[in-house]
Structure formats: structure tokens, C-alpha cells
Amino acid sequence: MLRKLLDETLDPGYEEAAERRRAAGDGSNKSSKPNQAGGWLRGVLVAVCLLLIGGLGTVVVAQVRSSAPQRAELRQALIVDIAEQRAAGDLLQQRLAEVREQATRAREQLLTATTQGQRALDELVRAESAAGLTAVRGPGLAVTLTDAPPPKDDGENLGRILDRDIQAVVNELWAAGAEAVAIDGQRLGPTTSIRSAGQAILVDFRPVTNPYLIEAIGPADMFDDFLQSGTGRTLASYVAAFGLGLDVRANDQLDLLPGTGAGLSQAEPVGLRAGSGRGDAP
Amino acid sequence: MKGIRTGPVIPILGLAAGIAAGILLDPSVPTSLQPYLPIAVVAALDAVFGGIRARLDGIFDAKVFVVSFISNVVVAGLIVFLGDQLGVGAQLSTAVIVVLGIRIFGNAAAIRRHLFRA
């Protein structure tokens, strides 16, 4: 069948038509010239067909040409939109940090005046640092995850870091006793999500990019605990199998920024005064 | 070989008029038809190259040309439509393009042999 396809590129209909004419005794080779009564009409038909073909081709080319820049324009507009919205978000975040700092300072001034206020302030500070709302500093671990270099044959990159790799690392760090964790400088709070949207990984709905730096402040044995954990070993096997990058370093002094905290709208705090033991939890 | 001298003027005029009409009128194509247009063009090109080759071979026949043009376009469109309904539209489009492409190449080679004797 393939051979037939490759050899017989000319429509067999032409051959047959020529055969028929020869059989009709029309003579040897005049057939290419429309010599019958309908010849003129046939020429016009051919011309009409070619007219259609020309029109069709032009329309398609015009269509493709006009749709390509449109798509590029749309894409550019979306990129600009994203940049603008991100800048606006950053600005709001900054403003929030400023206002929060003002509030903290004002609160401190008011509360330090009385002993009762001082006690309340201590409790508040403990609660806030437990919730990840204050900047912290301490010894800990820096885990860097890097995407494997893209394969040469345009195939799927199996060594890409996924959201669940980062989730696993973070969970393992918490389990190993981490007290504060940040991804690419973004502090994890009580309601922080780590998830992927398309190709991007979002931490609290803000994109983080390769290489992914996960910093955790915690006890000294976190290093060994993490490397010997199931997650640590799985990741090490991924490094061997898929070529992704895993770098774990103990660090004497890590500085983590404050998180944004959870905005409570439905949940109402209960018994702030009563639960004095609550603030002890790391 | 007489075909060359008996003037491909009318067909060429037709082609030129078609291109001119396409540019000047700039007709808008319904969205539902748009996926089939590129395939239709390739099918039409196949008919054109077949026609030119037949002409050079001295066995051109207007009826065969017109019928092959129309049926090519319709069948190519139908195959792609069917493929879309079955969820293999992209693959079937590729198949149609490959087959027509082979035929176009074969006919173009034959035309080249006629014209340059090489």
C-alpha cells in the first residue's frame, strides 16, 4: 500500500479518462486540447476551481497572519496585568507590615506602663512568635531543591520539583522539630498552603521559583533527622534517578521574616486570658 | 506537450482573480469551519499539482480535475470532522497532510522532470 502511495502520485482518473478517449477513437494525443463542444465550458469550470483555490488559500493565510499577532498581544497584555497586580499586592503587603509595626509599637508603649499590661504583652509576644507573626533568628537548616536540567530531547522533565516534594520537605522539617520555616523567604504560617497551579508552585498564593530554598530554624539534630527520614531518603533516590538537586546545609544563624498570619473572619478567639499554658507550645 | 501551448492563460487568470478576491474582499470565515480550511487548501493544492502534471503528461481532463478537486476538499474536510468527533482530529489531520504531501511531492517531481528533463 505504501509503495502504491509513493509511486502512484497522479490521480488514476486522468489515465482512465485518456484511456476512454483513446477507446472512443479520438486519436492519439489531441486529448489535452479541449476540442469538443463542451471544451469551452470545461475550461471555465477549471478556471472557477482555480479561483476557489486561490481565494481559499489567501483567506487561510490572512487568517493565520491576523490571529498570530492577536495572540501575542493578548499574552503581552496578560503579562502586564500580572506584573501590575503583583506590584499592587507587594505594595499592600508592605503597607500591612508598616501598619502592623506601628500597632505593635503603640501596643508596647501602652502595655509596658502597668505590670498587668507587661504580663499580657509577654503572653502576646509568645503567642505571636508561635503563630509565625514575628521575625525570628536562630540556628537551623537550609534545604535547597533544584529542578533537574531539562532533557535534551524535549521530553517531559521528570526531575522537576513538584509542590508535593516541597510539602514533604516542610512536613519532615516540622516533624524533626523545626520552629519556624520559610520557603524562598516566605514564612509559613498556620494556614499557609503549598500547591501548584499549572507549572508554577504557589506558597500562600504567591509564586516561588526554582531553586527552592527552604529554611527552618530548629534543634541541631534536625540535620540528621531530616537526612535519615523517609522523605530525605526518597529525595536522595530522586537525585540519583532523575538528576534533581538536593542540598542540605546546617546554618548557625538564619533570619526569617515575619509571616502574614491568618486573617480570622469566622473564628473567634476563646479564653485569651485563661489559657496561659497555651503559649508554651513551640 | 501541446497542453502547454494551448494556453494555461484562463486557469492562471482564475487563480490570480481568486487571490485578488481573497485579499480585496477579505471574507470572514465562520468559526466552525476554520479548522477545516488549512486541510482544504492542502487538498486543493494536491488537485492542482495533479492537474498540472496530467497536463504535462498530455492526459489532462477538465472533468477529472474538477471532480478530483471538489472530492479532495470534501473528503479531507469530512475526515478531519470525523476525527474531531472521535477525538483524534489532530492525528487524522496529520495523516491527511502526510498523504497529500507525499502526492504533492511526487507530482512536483514529475512536473520538474517534464520541465527540466532532469
Side-chain angles (χ1 to χ4, degrees), chain A residues 1-24 26-71, chain B residues 1-7 9-23 25-29 34 37-38 40-41 44-51 53-70 72-73 99 102-110:
Chain A
M1 195 192 95
L2 270 179
R3 166 134 306 180
K4 199 172 164 194
L5 183 71
L6 289 171
D7 289 348
E8 292 180 16
T9 49
L10 184 61
D11 204 311
Y14 288 115
E15 202 65 61
E16 279 165 25
E19 205 68 53
R20 269 201 303 281
R21 272 193 302 271
R22 233 169 280 143
D26 201 13
S28 54
N29 224 355
K30 284 188 213 157
S31 46
S32 64
K33 190 178 172 182
N35 51 0
Q36 283 139 10
W40 187 80
L41 184 71
R42 289 180 169 207
V44 171
L45 260 182
V46 172
V48 168
C49 280
L50 281 164
L51 189 127
L52 278 177
I53 293 168
L56 207 63
T58 318
V59 167
V60 171
V61 170
Q63 202 108 50
V64 172
R65 279 211 187 147
S66 68
S67 67
Q70 262 174 21
R71 221 169 292 154
Chain B
M1 287 284 95
K2 281 181 190 165
I4 302 173
R5 263 180 286 126
T6 49
V9 180
I10 299 180
I12 288 179
L13 274 184
L15 192 63
I19 293 173
I23 292 173
L25 300 179
D26 195 16
S28 61
V29 186
Q34 274 179 11
L37 278 186
V41 169
L45 267 184
D46 175 55
V48 169
F49 276 88
R53 184 189 169 180
R55 180 148 215 157
L56 293 172
D57 280 350
I59 52 170
F60 183 78
D61 186 278
K63 193 175 121 200
V64 176
F65 173 75
V66 172
V67 172
S68 80
F69 161 63
I70 293 173
N72 255 3
V73 170
V99 171
I102 289 174
R103 277 174 49 137
I104 291 175
F105 259 99
N107 283 333

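Throughout, a chain's letter reflects where its sequence line sits, starting with A, and its residues are numbered from 1.
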Colleague: Might you point out which heavy atoms bring Tyr14(A) and Gly51(B) nearest each other, and give the distance in Å?
Modeller: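 In this case the closest contact between Tyr14(A) and Gly51(B) is OH-CA, 3.4 Å.
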
Colleague: Non-hydrogen atoms of chain A under 4.5 Å away: do they reach the side chain of Val48(B), the backbone, both or neither?
Modeller: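 Contact with chain A: side chain only.
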
Colleague: Search all heavy atoms of Ala17(B) against all heavy atoms of Leu51(A) and return the closest pair with its distance.
Modeller: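 Scanning both residues, the minimum pair turns out to be CB-CD1, 3.6 Å.
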
Colleague: Could you tell me which non-hydrogen atom of Thr58(A) sits nearest to which non-hydrogen atom of Gly18(B), and how far apart they are?
Modeller: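 So the two residues come closest at OG1-O, 4.3 Å.
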
Colleague: Between Ile53(A) and Val73(B), is the side-chain contact (heavy atoms from CB on, under 4.5 Å) condition met? List the steps.
Modeller: CA-CA 10 Å; Ile53(A) 293 168; Val73(B) 170; over 6 Å; no

Colleague: Under a 4.5 Å heavy-atom cut-off, does chain A meet the side chain of Phe65(B), its backbone, both or neither?
Modeller: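 For Phe65(B), the contact with chain A is made by backbone and side chain together.
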
Colleague: Measure Ala54(B) against the heavy atoms of chain A and call it side chain, backbone, both or neither at under 4.5 Å.
Modeller: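 Backbone plus side chain of Ala54(B), per the 4.5 Å heavy-atom cut-off to chain A.
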
Colleague: Could you tell me if the side chain of Val46(A) sits less than 4.5 Å from the side chain of Phe60(B), heavy atoms only?
Modeller: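 Yes; the side chains approach each other to less than 4.5 Å.
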
Colleague: Which atoms of Glu19(A) come close to chain B, meaning under 4.5 Å heavy atom to heavy atom: side chain ones, backbone ones, both, or neither?
Modeller: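 Contact with chain B is absent: no heavy atom of Glu19(A) under 4.5 Å.
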
Colleague: For chain A, which of Val66(B), Asp46(B), Ile23(B), Ile104(B) has the most heavy-atom pairs under 4.5 Å?
Modeller: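 Most pairs with chain A among the choices: Val66(B).
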
